[in-house]
Amino acid sequence: MEGQKFHSEKCSKPVKNRWAWTIVTVSVLCVSGFAAQAYPPPAPPATPSSLGAHIQRTMALIASSSPQHRSTVRILFYGQSITKQAWSRAVAADLRARFPNTNFVIKNRAIGGCAAQCLIAPAEHDLYPFYPDLLIFHVYGSQLAYEKIIRKARATTTAEVLLLTDHYTGSSAWSDQMSDGFIPQFARRYHCGLVDIRHPWLRYLHDHASLPSQLLADGIHLNAQGNFLMAELVKRYLIYQPSQPTDPDGLVKTYLLGKDLAFHNGRLTLPFVGNRIDVIASAAKLTGASGSIRLDGRKPSAFPELYSITRPNGQFAADWMESPPTGKDWPWEVGALMRVRARTKLQVEDWTVTITHFRSNTDFDFTVTGSVTGADGSGAYTDNPFVSRSGRVVIDQSAWWLTSLTKVALTNGFQIRWSIVPNFVDIYSPRHNPDPTLEQTTTLAQGLTNRRHTLELRSSDGHPLPIQALRVYHPLLGRSSQDDAKPKRVNP
């Protein structure tokens, strides 16, 4: 919903018949607190062969890891307060236990009280720049906003996406429609994995003569047994299936030096199709030489799309993967902007919004300052949108999240901070690898238009650099019919 306010009182109202639950404070359950209890397991899946579908690139990376070659795998849990609960930590712990040779980078950036029509804004900071290998996703709210998030994830990253249907809290025609209609439809349309939570949950209740409330803490959030059941249903989907195709959509391709490409007079050139390219260092002896990077004849820093904006005030956010979580519940306990955008090219720097002349949390003035740009103007809450003098800061009125805060006293001088970070390097400098079991990878550019580009890497001393391979990432959506690597058809 364009222009939708992101405050809790807005998110607590039904939107297009889909729930947008307000945040509910629930006690955090330790992973061991429910895993150690003797809860009955769920019934076996009806079609075991379908488990793992559409996430086999990620699972193959995980399963192929060895003590000598440990793959790095990035996983993001995203959604609302249900996704923040202890089941996600149990799933992460299970993966680490089953695959001890994998270098997991697992984040949970779920936001309580933020339904799909709300989550669509902070996803610009939380999801797409993180560029996970696997996105595990569950959210309530508008099916239109839900689809927009999935579509953009598939258009801007090569993340495999695992969609979860709703657990059962009681009769709900809309939740049935989402779980049996829209979400499976999105899974088919965007080649996503699908974990059916709702029907196994109902069977579990039936098999054990339980009421829905017996798995819930407060009518919607999970208690210890509910967390156990959710974790079990997700864990069993995260398996490697050699019989399934590993990367049917051609998302990632690795080009090996000496086989697929080579230096000529200190210059390496690679035409590629995609929106991200990484270099993987070799174990060769370092010479002190570096390499200048050109993409389509330009420095990567010249591309406006290669800069991203961090979550405002995100430095205070809780780490939901720890048990119990550390930090504060963002944005409820810190105050924030749900999204900051820009109209002109960004540069690497830190930004601060400082509230002045505070009258109420919907009536105040503020100033904007960049660590490089300097003082960049002042505005008021009523500005819609506020645009700084440089155009590097644009704030929609709906982006302010300063109501219903639980641990923040808003006064004159209250600040919201974020950073502009580069998703590129202009100069590639090979470094010593302290852990030879891990690939030493440097992202040369991430966030390009998903089309044909040409990379040129030129050594400073005219000799080949210690490089093992280049890896290209080609998102499923937004591909051009003129590209050599044509995508499989995505259902309309």
Side-chain angles (χ1 to χ4, degrees), residues 1-16 18-25 80-81 109-126 139-142 145 309-318 328-343 350-370 375-418:
M1 287 188 172
E2 191 173 2
Q4 167 87 26
K5 295 276 189 180
F6 295 141
H7 305 295
S8 60
E9 63 267 28
K10 294 289 184 180
C11 287
S12 66
K13 298 178 181 179
V15 180
K16 293 186 74 65
R18 179 76 168 142
W19 306 313
W21 296 96
T22 55
I23 187 169
V24 179
T25 302
Q80 286 179 268
S81 54
R109 294 177 176 171
I111 305 169
C114 193
Q117 62 274 14
C118 160
L119 200 68
I120 199 169
E124 298 289 338
H125 306 304
D126 297 338
V139 71
Y140 294 112
S142 162
I309 303 173
T310 63
R311 175 191 276 190
N313 270 2
Q315 69 270 31
F316 304 118
K328 297 182 179 181
D329 189 9
W330 187 96
W332 300 92
E333 295 181 352
V334 301
L337 290 161
M338 296 304 278
R339 185 185 178 189
V340 177
R341 52 193 184 90
R343 288 186 177 175
D350 300 320
W351 282 93
T352 303
V353 163
T354 303
I355 290 182
T356 61
H357 303 98
F358 178 79
R359 295 170 288 276
S360 75
N361 52 19
T362 58
D363 184 13
F364 54 84
D365 303 325
F366 60 88
T367 60
V368 177
T369 305
D376 204 28
S378 59
Y381 172 83
T382 53
D383 294 338
N384 191 28
F386 163 80
V387 182
S388 70
R389 288 197 294 259
S390 70
R392 294 187 177 118
V393 176
V394 178
I395 301 172
D396 298 303
Q397 186 187 58
S398 59
W400 293 97
W401 193 298
L402 298 177
T403 61
S404 302
L405 300 181
T406 58
K407 295 185 179 180
V408 179
L410 297 180
T411 59
N412 288 340
F414 178 81
Q415 293 185 329
I416 299 174
R417 299 185 179 94
W418 65 91

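Side-chain atoms are counted along with the backbone in the values below, which use heavy atoms only and exclude waters and symmetry mates. Keep in mind the model is a prediction, meaning the values are calculated, not measured.
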Has [X] got a side-chain atom pairing as donor or acceptor with [Y]'s backbone, closer than 3.5 angstrom?
| X | Y | answer |
| --- | --- | --- |
| Asp376 | Ser390 | yes |
| Trp330 | Pro312 | yes |
| His125 | Val340 | yes |
| Arg109 | Ala123 | no |

Quick check, are the ring centers of Phe366 and Phe386 under 6.0 angstrom apart?
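Close enough - the centres of the two rings lie under 6.0 Å apart.
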Please state whether the rings of Phe358 and Phe364 are parallel, tilted or perpendicular, taking 30° and 60° as the class boundaries.
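It falls in the parallel class, under 30°.
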Residues that Asp350 engages under side chain to side chain contact (heavy atoms under 4.5 Å, CB included), provided they are two or more places apart:
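Result, side chain to side chain contact (heavy atoms under 4.5 Å, CB included) vs Asp350: Ser371, Ser419.
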Nearest 0.5 angstrom please: [X] [atom1] to [Y] [atom2], how far?
| X | Y | atom1 | atom2 | answer |
| --- | --- | --- | --- | --- |
| Ser81 | Trp332 | OG | CH2 | 9.5 Å |
| Asp396 | Asn384 | CG | CG | 6.0 Å |
| Met338 | Arg311 | CE | CZ | 8.0 Å |
| Thr310 | Gln315 | OG1 | CD | 7.5 Å |
| Cys118 | Ile111 | SG | CD1 | 6.5 Å |

Under the 6.0 Å and 45° cation-pi test, does Arg392 pair with Trp351?
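No, Arg392 does not sit over the ring of Trp351.
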If the test is side chain to side chain contact (heavy atoms under 4.5 Å, CB included), which one of Ile395, Val394, Val368 qualifies with Val387?
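When side chain to side chain contact (heavy atoms under 4.5 Å, CB included) is applied between Val387 and each of Ile395, Val394, Val368, only Val394 qualifies.
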Which pair of non-hydrogen atoms, one from Asn313 and one from Ile416, has the smallest distance, and what is that distance?
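Distance-wise, the nearest heavy atoms are OD1-CA, 3.3 Å.
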